[in-house]
Amino acid sequence: IRGTVKASGNFNASADAEVLHKAMKGLGTDEDTILQLLTARSNAQRQQIKATYKTLFGKDLVSDLKGELGGKFETLIVALMTPPITYDVTSLRNAIKGAGTDEKVLVEILASRTPQQVKDIIAAYRQEYDDDLEEDVSGDTSGHFKRLLVILLQANRQRGIQEGDIENDAQALFKAGEHKFGTDEQSFVTILGNRSAEHLRKVFDAYMKLSGYEMEESIQRETSGSLRDLLLAVVKCARSVPGYFAETLYYSMKGAGTDDNTLIRVMASRSEVDMLDIRAEFRKKFACSLYSMIKGDTGGDFRKTLLLLCGGDDA
């Protein structure tokens, strides 16, 4: 595990619940205590604190936190208090059921999660909302974008490398895109949606030899809109999931304004998974560290919490 947030060694759920209760009691809230404590515990430990808090005080910890905190700091703390699969399920539900579809969230989660995680998400979604995630996604999207999302929801990627298919796949992608007038999106969707990551990396190399282009360059040129975003995410995740998230974080902060929702989603959901690798990829790809970019782009308790999740600078 390449996360920055680890389980606390001498963990005591009751003591932690007491500390949090005290931090929210009376006038004013001790935000610093709350953020220092929660970022120093694993998600599983936070769930134990939540259960113990209710036992001791007869109140829901997350409701109390929501009542005391505000803005994006509150959103981030609530994200940290949510079990990972529940967090993905809630994010997807809000993306589908909110005003207009938030394609960015569908793309990010469904392109980056493992097949097993996708299966768990589908089961948890059904349990939570008594709805079928695939039906909800299908009802809210269209065209080849919808088809590729449906393929990803089958969570049925091949395993390993099919040596005999590498050249054929590269040829099929070349014929579907660069080689003809108009693009045959179906070939892109079927191949990129079904082959394993290690197989696709070999296909991308063969494609480069054949066409003289990186796969990403061809997708940029040949497709557009949500389909383009999803194809690019799938290709980047096949190359490197931490690399994909490094880019996602960079573009959430680059330029005017910050996409706080993306920043929160990625920092909260990857802190125990691969944040160290994301940091290394970030440093390789961009002229600064993830830490320095967060520091320059955010403020207050929100910034403090994000920097603790980032876990260090790579100057």
Side-chain angles (χ1 to χ4, degrees), residues 92 95-96 101-115 117-119 121-122 133-248 251:
L92 289 167
I96 296 165
T101 310
D102 190 345
E103 282 96 359
K104 191 182 275 186
V105 175
L106 299 182
V107 166
E108 183 196 298
I109 293 177
L110 296 178
S112 66
R113 302 304 188 254
T114 65
Q117 285 170 327
V118 172
K119 287 179 175 143
I121 287 167
I122 291 168
L133 178 57
E134 187 188 315
E135 276 175 27
D136 284 356
V137 167
S138 293
D140 228 39
T141 56
S142 62
H144 285 94
F145 177 59
K146 165 168 113 175
R147 288 181 199 177
L148 182 46
L149 288 171
V150 169
I151 290 174
L152 296 174
L153 283 165
Q154 305 315 299
N156 214 356
R157 265 189 199 281
Q158 296 167 351
R159 289 166 189 240
I161 297 168
Q162 274 71 39
E163 289 295 345
D165 288 337
I166 294 167
E167 205 49 51
N168 296 346
D169 286 348
Q171 288 279 1
L173 291 170
F174 182 55
K175 287 199 182 92
E178 292 295 345
H179 204 55
K180 65 191 255 283
F181 188 73
T183 307
D184 164 21
E185 282 103 349
Q186 190 62 56
S187 297
F188 280 86
V189 163
T190 302
I191 292 170
L192 295 176
N194 283 294
R195 308 287 189 262
S196 72
E198 46 291 28
H199 179 84
L200 286 173
R201 288 195 290 272
K202 298 243 188 227
V203 172
F204 302 156
D205 291 344
Y207 182 86
M208 178 77 186
K209 282 203 188 79
L210 195 64
S211 67
Y213 296 113
E214 290 288 9
M215 195 71 243
E216 291 89 333
E217 294 177 83
S218 290
I219 291 169
Q220 283 284 10
R221 243 204 324 275
E222 301 288 325
T223 60
S224 61
S226 300
L227 176 63
R228 174 200 280 173
D229 296 339
L230 181 55
L231 288 168
L232 286 173
V234 168
V235 169
K236 285 171 183 174
C237 287
R239 289 196 193 274
S240 159
V241 170
Y244 167 70
F245 281 118
E247 286 189 26
T248 303
Y251 290 109

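Checked by atom type, the side-chain pair E108/S112 shows no donor-acceptor distance below 3.5 Å.
At most 12 heavy atoms of other shown residues, nucleotides or ligands fall within 6.0 angstrom of atom NZ in K202.
A side-chain donor-acceptor contact under 3.5 Å links R228 to the backbone of T223. Side-chain atoms of R195 do not come within 3.5 Å of backbone N or O of Q158 as any donor-acceptor pair.
Of the charged side-chain nitrogens involved, at least one lies within less than 4.0 Å of a carboxylate oxygen, so that R239 and E216 count as a salt-bridged pair.
With rounding to the nearest 0.5 angstrom, the CG atom of D140 is 10.5 Å from the NZ atom of K146. Here the CD atom belonging to Q162 is positioned 10.5 Å from the CG atom belonging to N194, to the nearest 0.5 angstrom. Note: I151 CD1 to R157 CZ = 9.0 Å, rounded to the nearest 0.5 Å. Between the CD atom in Q220 and the CG atom in L232 there is a gap of 5.0 Å [rounded to 0.5 Å]. Taking NZ from K119 and CD from Q154, the interatomic distance works out to 10.0 Å, rounded to the nearest 0.5 Å. To the nearest 0.5 angstrom, L231 atom CG is 10.0 Å from H144 atom NE2.
Of all the heavy atoms in L148 and V189, the pair that sits closest is CD1-O, 3.7 Å.
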Report the C-alpha separation of E134 and S138 in whole Å, then their side-chain angles, then the decisive distance to 0.1 Å, and conclude whether the side-chain hydrogen bond (donor to acceptor under 3.5 Å, both in side chains) test is met. CA-CA 6 Å; E134 187 188 315; S138 293; 4.9 Å; no
